[in-house]
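Notes follow the structure.
Please read these numbers as outputs of a predicted model, since none were measured by experiment. To find a chain, count down the sequence lines: A is the first, B the second, and so on, and within it residues start at 1.
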There are 2 protein chains.
Amino acid sequence: MKNQQRSEETRTRILAAALDCFARYGYAASGVAEICQAAGVSKGAFYHHFAGKQALFQSLLGDWLTDLEQTLTRAASTANSVPERLTNMARMARLIFHSNSPQTSFLLEFWSQASRDAAVRQAIIAPYRRFQRYFADLIQQGVDEGTLQPVNALAAAQTLISLTSGLFLQHLVDPQGADWAQATEDAIHLLLHGLQKPEGGAP
Amino acid sequence: MKNQQRSEETRTRILAAALDCFARYGYAASGVAEICQAAGVSKGAFYHHFAGKQALFQSLLGDWLTDLEQTLTRAASTANSVPERLTNMARMARLIFHSNSPQTSFLLEFWSQASRDAAVRQAIIAPYRRFQRYFADLIQQGVDEGTLQPVNALAAAQTLISLTSGLFLQHLVDPQGADWAQATEDAIHLLLHGLQKPEGGAP
DNA sequence: TTTAAAAAACCGACTGGTTGGTATGTTTTT
DNA sequence: AAAAACATACCAACCAGTCGGTTTTTTAAA
C-alpha cells in the first residue's frame, strides 16, 4: 500500500475510535491507550499523527463542524419562499438526530471545554457566527420578499439557532425522552406562526 | 461553636469551593485535594461529609435545581394575562444570567455527565418534567383565556424550554458574545408574535 | 457542676492504580 | 540510504479514596 494511503487510513481509524470512546465514556475517561486499542494502532502511531489528546479532540470538532455546515447549506438550497426553506431544514432535523445519534453526544464535551478553553471556544464560535450570518441573510431575504414580518434579522437568527441548539441539547441528554425530530418541526412551526393570538384584525 | 453549626458550615464551604473549582477547571480537572484546599478543610472532613466526588457533584446539582425552580415559580406569580407572565419571566433572565454567571458554567458538566450517567440524567429529567408540566399548564391557561393560539400546550412548553436552554447554553459557552439577557427577551417576544407574516386577513 | 466516656467532626500521611506522554527500536515506503 | 510510519516498554505525575490517629462536642452519670 502507498504510504500516504496507509497513513491517512490510520489517522481516520484513530479519529473514529476516539469519537466512539469520547461519546461512550467522555473525554476525561477515555484514555489514549484505550483509544489506540479500539483503533487497532499503537501509541507510537497515535503520537505520530496527533500532538496530543487535546489536539485529537479539536481535530474531531473541526471535522464535525464542517460536516454540519455542508449538510445545512445543502438543505437550504431546495425551496422557493423563505418559510418553506426553514420548514425544509426543520424536517432535516430527523436526519441529523437519527443518523449518528450516539456519536454526537461528544458535542457536550465540546461545549463544556469551550467554556474554559479559549482555543476550543474560538473553534466553536467561528462557525457559529457563520451560521448566524447565514440565517440572518435568509431571514432578511424573507422580510424583503414579504413572507416574513419586519423583524430584526440578526436577533431572529440568534433565536433560531438557540432554539435548535436547545433541542439538540435535550436530545443529547435524554434521547428517549421525546421525539426530538418531531419536536424540532413543531418548534420551528410555532416560531414561524407565533404563539400569541393577534388582538386586532389585519388590514 | 455548636457541633451542628460547625458541621454545616464546613459542608457549605466544601460545596462553595467545589462549585468554584468545577466552574473554573471542570469536573475531571478538579481534584478532591484541590477542592479541600480551596475550602480550607482536610480530606478527612471532605469524606466525612460526602460519599465521594460524584456525590458532591450531585449534591451541587440538586441545590442549583431547587434554587432555579423557586426563582422561576416566584417570577410567574405576578402578572395578569399569560403573555404578560411569560414576558415577565423573560425579563427575569437578566437576573439569572448576571447573578452568578461564572458559577453556572458547571452546568455544562451536568449535561455532559447526564448523557452517560443514569443517576445524573434522572436528577436532571425529573425537574425538567416539572418545568414542562408547569409551562404546559400556563400555556393551556392562556389558550383557555383566549390570549394564546389554540396550540398543543405540551409541545409549546417544550419549545419554550428548548429555546431558553439553548440561550443559556450559548451564554455559558460565550458569555461575551452577545447580550444574552436581551436576546432572551427578544426570543420570547418573537415566539409570542410569530415570525411569518399571515397570508390572509383576520376575520 | 464536674467529669468521664462516647460520638461526631476533623486531620493528613499514605497507597494502589491509572494515565498522558516519551524514548528507543523496528518496519515500511520513498 | 533516508525518511516516514509504526511498535513497545517505560516513567513520572497525579488522584480518588483509605486509615489510624487527634480534636471538639455531646451525653450522661457522679
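Across Thr87(B) and Pro83(B), no two heavy atoms sit closer than the pair OG1-O, 2.8 Å. Taking every heavy atom of both residues into account, Glu69(B) and Pro127(B) meet most closely at OE1-CB, 4.3 Å. Minimum heavy-atom separation, Gln158(B) to Ala178(A): NE2-CB, 3.6 Å. When all heavy atoms of Gln113(B) and Tyr27(B) are compared, the closest pair comes out as NE2-CD2, 3.2 Å.
In this structure, Trp111(B) contributes its side chain and Ser112(A) its backbone to no donor-acceptor pair below 3.5 Å. Distance alone, capped at 3.5 Å, is enough to place a donor-acceptor pair between the His193(B) side chain and the His189(B) backbone.
Under the 3.5 Å distance criterion, with hydrogens and angles disregarded, a donor-acceptor pair is assigned to the side chains of Gln170(A) and Ser162(B). In this model, no donor atom of one side chain and acceptor atom of the other lie less than 3.5 Å apart for Asp137(B) and Gln141(B).
Taking a 4.0 Å limit (strictly below) on heavy-atom distances, residues 33-46 of chain B reaches DNA chain C at Val41(B), Ser42(B), Lys43(B), Gly44(B), Ala45(B). Residues from residues 50-57 of chain B lying near DNA chain C, meaning a heavy-atom separation below 4.0 Å, are absent. Across residues 112-120 of chain A, not one residue has a non-hydrogen atom less than 4.0 Å from an atom of DNA chain D.
Distance from the side chain of Thr10(A) is smallest to dC6(D) among dT22(C), dC6(D), dG17(D).
The side chain of His49(B) places an N or O atom within less than 4.0 Å of a non-bridging phosphate oxygen (OP1 or OP2) of dC10(C). Between His48(A) and the phosphate of dC6(D), there is no side-chain N or O to OP1/OP2 separation shorter than 4.0 Å.
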